[in-house]
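Just so you know, these numbers come straight off a predicted model, no measurement behind them.
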Amino acid sequence: MLAFKKPEVEQFFRVFNIQDFTVSPDETQLVYSTNLTGHYNLWGMDLPNNYPYPMTFKNQSCHALKYEPNGEYILASFDHDGNELTQFYALPTRGGDLEDLRVDDEYRHMNPKFSEDGKRLYYTGSKNNKTYLNAYRYDLDTKEETLLVEGSGASTYLADVSADEKSFLILKHFANTYSLAYLVEDGETILLTPETDKQHTVSNVIFTGSSSIYLTTDYNEDKSYLAHYDVNTKTFSKVTEDHSLDLNAMYYDKKGNRLYLASSNGVEDSFFSFCLESQRLKKEETPVDIIDKVVVGKSGTVYLLGKTATKPANIFRRNDETWEPLTNNRVPAVSDEDLSEPEILTYPSFDGLEIEALFFRAKEGISNGHVILWPHGGPQSSERKSFRSYFQFLVNRGYSIFAPNFRGSSNYGLSYMKMVEGDWGHGPRLDNITGLEWLIDNGYADRDKIFLMGGSYGGYMALLLHGRHPEYFKAVIDIFGVSNLFSFIDSVPDHWKPAMKQWVGDPVEDKERLTVDSPTSYLDTMTKPMLIIQGANDPRVVKKESDQIVEALKEKGRSVEYLVLDDEGHGFSKKENEIKVFQAILSFLDSHL
């Protein structure tokens, strides 16, 4: 009888991802950004035919996709090798060469919105205001650009434009837990939520009529709900009352006169429709656990991009009450039975705070008995039931993974999310350590068989835990993590800087705390073998963050492997790089079993 080899790393990383998608106005063409060839490009499908064909060969990540309202062309936004300086291009509906639409390599162009006739383009840009950003209108016939709103006080993003193009909705981002929405009309800027000293957020805001605005906000609550603002009476009102929901995404169905809303609670999403006439909220079943994007076609048909822990990103179309898959991304040559559905754990932290976590368990007969602690990035994001190739690959190779949603994580309410602000290195650190002790006490992990790996804030936490609690770990992996909070605060993108004092701290006022919470303060106790990975073009956690920790540890004679990717930023946009990184990670882990 033939015996087949275990799946290699390439099989898990030959999973195709979908970054974004759009649907033509007549709903006969679906266009999406996918790494079908190992690099991200745009592919199309002529519905109802589900066979894809290539439309671009740019080999870069796509950050926005939008059809011109008359179906004449597609607007696509790309950066270059992860630098996040996104530019707008026009692509013929048949595919081919990209034409510059709004391109200036020094500045970013974001959040594109067309006028209803397709003759004007509205967007957020960083030209002449890299710190606070501006809102612009661009006339596609005359090529004239007009400044609409000059950002000030906080990063300012254009959220929506009224049908008559006389009014605008903007979001001011003071911090991840403090964002306000404004109506800009006739030279007046009007706050949509009532005045209060208490910080809150508005995550979405849209026009549903000339005098009707809907928004999702946690004003006066811990979780976000649907609210309404009447432009004529200038009154704000709460619409939904279910305190178990945390509504953080909203999509408008003009034909059906309804909204679609996603609620993110802990590790899963749920989906709802809201009838604007009856004011009734109805739960809608979906085939996914995580909702990435929804597009409502002109016909009212709903298209959804989403995933589960064991199924990568796919696009679905709703027909009546059923969902039809339009793509079929899966792990090639790996059966569903060989993929890990995570167990949801809860445990009390050092101060009694309840922490939720995911545990991906290696199956009996495969398990090598080792557990990897994975502190997630963010820090104000969370680990969710979302497909990660490297989780499934490592579990398949015998490693179990523990991913706690420590204090500061999103989707547990505003007060929980605020717990990390000004406390990057104490509470979250002890949540992770307490979680490890809980795992050991409850038979999930052996004390002498624990690895540590994290990316971004998780990379920072990996470095800090290594320095302050080295006795727990056999070896440590840091993926583009912050090593020094002072240099990090100084080097972040300009439009992040207004939020840094609340988010991380002030280098002068909080010098003592930032020193205590910087991994570089604990070089003497970073004694375990390390693998450090960095993207050379990373604009968020710049290469200097990894360079300085590698240099300092090597000067002390420590075992440090350093892998730099010259054509990546804050993540992996190219399959060959992703495979290279996780082959190196597997080799590193296996060498320290």
Report the relative orientation of the aromatic rings in W496 and W503; use parallel for angles under 30°, tilted for 30 to 60°, perpendicular for over 60°.
perpendicular
Going by distance alone, is a donor N or O of one side chain under 3.5 Å from an acceptor N or O of the other, for S224 and T216?
no
Does a donor on one side chain sit under 3.5 Å from an acceptor on the other, for N41 and T56?
yes
Using only atom types and a distance under 3.5 Å, with no angle test, would you say the side chain of K143 pairs donor to acceptor with the backbone of L140?
yes
Polar contact flag, side-chain donor to acceptor under 3.5 angstrom, Q60-S573:
no
Any side-chain to backbone donor/acceptor pair from D26 onto T28? Under 3.5 Å, distance only.
yes
Is it true that T193 and H200 share a donor-acceptor pair across their side chains at a distance under 3.5 Å?
yes
Could you check Q534 against F480 for side chain to side chain contact (heavy atoms under 4.5 Å, CB included), going step by step and ending with a plain yes or no?
CA-CA 5 Å; Q534 178 69 45; F480 36 80; 3.7 Å; yes
Can you list the steps and then say if M250 with L226 is a side chain to side chain contact (heavy atoms under 4.5 Å, CB included)?
CA-CA 9 Å; M250 177 169 56; L226 182 65; 3.8 Å; yes
Would you name the heavy atoms of F488 and V504 that are closest together and state the gap between them?
CE2-CG2, 4.2 Å
State whether a side-chain donor-acceptor pair under 3.5 Å links S491 with S487.
no
So for atom CG, which belongs to D139, do other residues, nucleotides or ligands contribute more than 12 heavy atoms lying within a distance under 6.0 Å?
yes
Would you check if the side chain of E185 reaches a backbone N or O of K166 as a donor-acceptor pair within less than 3.5 Å?
no
Over 12 foreign heavy atoms within 6.0 Å of NZ, K113:
yes
Assess whether a salt bridge exists between R108 and D79, defined as any Lys/Arg side-chain N lying under 4.0 Å from an Asp/Glu carboxylate O.
no
Of R330, K311, Q392, the residue whose pairing with F387 passes side-chain contact (heavy atoms from CB on, under 4.5 Å):
Q392
Assess whether side-chain hydrogen bond (donor to acceptor under 3.5 Å, both in side chains) is satisfied between N405 and Y412, documenting all intermediate values.
CA-CA 9 Å; N405 283 332; Y412 297 93; 2.9 Å; yes
Take L158 and V149 through the side chain to side chain contact (heavy atoms under 4.5 Å, CB included) test and state the conclusion after the steps.
CA-CA 8 Å; L158 181 67; V149 179; 5.8 Å; no
When you compare the side chain of K130 with that of Y107, does any pair of heavy atoms fall below 4.5 Å?
yes
E421 versus T177, side-chain donor and acceptor atoms under 3.5 Å
yes
One should read off an interatomic distance between T22 OG1 and L65 CG, to the nearest 0.5 angstrom, of 6.5 Å
Between N128 and N134, is any side-chain donor less than 3.5 angstrom from a side-chain acceptor?
no
Are E27 and S299 linked by a side-chain donor-acceptor pair shorter than 3.5 Å?
yes
Under 6.0 Å between ring centres: does that hold for Y252 and Y214?
no
Between Y40 and N17, does a side-chain hydrogen bond (donor to acceptor under 3.5 Å, both in side chains) hold up when you go through it step by step?
CA-CA 9 Å; Y40 282 104; N17 186 38; 3.0 Å; yes
For Y136, does the six-membered ring have the charged nitrogen or CZ of K127 within the cation-pi criterion, i.e. under 6.0 angstrom from the centroid and within 45° of the normal?
yes
From CA spacing to verdict: salt bridge (charged side-chain N to carboxylate O under 4.0 Å, His left out), D81, K574
CA-CA 9 Å; D81 288 348; K574 301 169 179 66; 3.0 Å; yes
Measure up the F88 and H109 rings against each other and bin them: parallel (under 30°), tilted (30 to 60°), perpendicular (over 60°).
tilted
Do D269 and S264 meet the criterion of a side-chain donor-acceptor pair at a distance under 3.5 Å?
yes
Presence of salt bridge, R384 and D289, under 4.0 angstrom:
no
If we ignore hydrogens and angles and just use 3.5 Å, is the side chain of D46 paired with the main-chain N or O of N49 as donor and acceptor?
no
Distance-only, no hydrogens or angles: does the S155 side chain make a donor-acceptor pair with backbone N or O of H495 under 3.5 Å?
yes
Between N176 and Q380 the two heavy atoms that sit nearest each other are ND2-OE1, 2.9 Å
How far apart are the closest heavy atoms of A181 and L171, and which atoms are they?
CB-CD2, 3.7 Å
To the nearest 0.5 angstrom, please state how far the CG atom of N35 sits from the NZ atom of K575.
5.0 Å
Going by an N to O cut-off under 4.0 Å, is there a salt bridge joining E84 and R540?
yes
Can you tell me how far apart CZ (F78) and NE2 (H63) are? Round to the nearest 0.5 Å.
9.5 Å
For the backbone of F21 and the side chain of K293, can you confirm whether one donor and one acceptor N or O come within less than 3.5 Å of each other?
yes
Pair R137 + E165: basic N to acidic O under 4.0 Å
no
Compute whether any side-chain donor of one residue and acceptor of the other, for S382 and H376, lie under 3.5 angstrom apart.
no
Between T308 and T310, is there a donor-acceptor pair closer than 3.5 Å when you use the side chain of the first and the backbone of the second?
yes
Please name the pair of heavy atoms, one in V205 and one in V202, separated by the smallest distance, quoted to 0.1 Å.
CB-CG1, 4.5 Å
Any side-chain donor near an acceptor of the partner, N329 and T327, under 3.5 Å
no
Could you check whether any side-chain N or O of D160 sits under 3.5 Å from a backbone N or O of F207, counting only pairs where one atom can act as donor and the other as acceptor?
yes
For S33 and Q19: C-alpha separation, side-chain torsions, deciding distance, then whether side-chain hydrogen bond (donor to acceptor under 3.5 Å, both in side chains) applies.
CA-CA 5 Å; S33 172; Q19 290 181 315; 2.8 Å; yes
Pairing of D547 and K544 as salt bridge, 4.0 angstrom limit:
no
If you compare all heavy atoms of R258 against all heavy atoms of C275, which two are closest, and at what distance to 0.1 Å?
CB-CA, 4.2 Å
In terms of relative ring orientation, are Y457 and Y460 parallel, tilted or perpendicular, with 30° and 60° separating the classes?
tilted
Between N83 and L85 (side chain of the first, backbone of the second, donor and acceptor by atom type, cut-off under 3.5 Å), is there such a pair?
yes
Would R102 and Y123 count as a cation-pi pair here, with the cationic atom under 6.0 angstrom from the ring centre and within 45° of the axis?
no
Out of curiosity, I290 CD1 to K307 NZ, how far, rounded to the nearest 0.5 Å?
7.5 Å
Whether the side chain of S24 engages the backbone of Q29 through a donor-acceptor N/O pair (distance < 3.5 Å, no angle test) should be reported.
yes
One should read off an interatomic distance between N577 CG and L565 CG, to the nearest 0.5 angstrom, of 5.0 Å
Determine whether the aromatic ring centres of Y390 and W374 lie less than 6.0 Å apart.
yes
With rounding to the nearest 0.5 Å, note down the distance linking CG in D164 to CD in E116.
9.0 Å
What is the ring orientation for F271 with Y260, classed by angle as parallel under 30°, tilted 30 to 60°, or perpendicular over 60°?
parallel
Would M110 and T86 count as a side chain to side chain contact (heavy atoms under 4.5 Å, CB included) here? Give the steps.
CA-CA 7 Å; M110 300 170 280; T86 46; 3.9 Å; yes
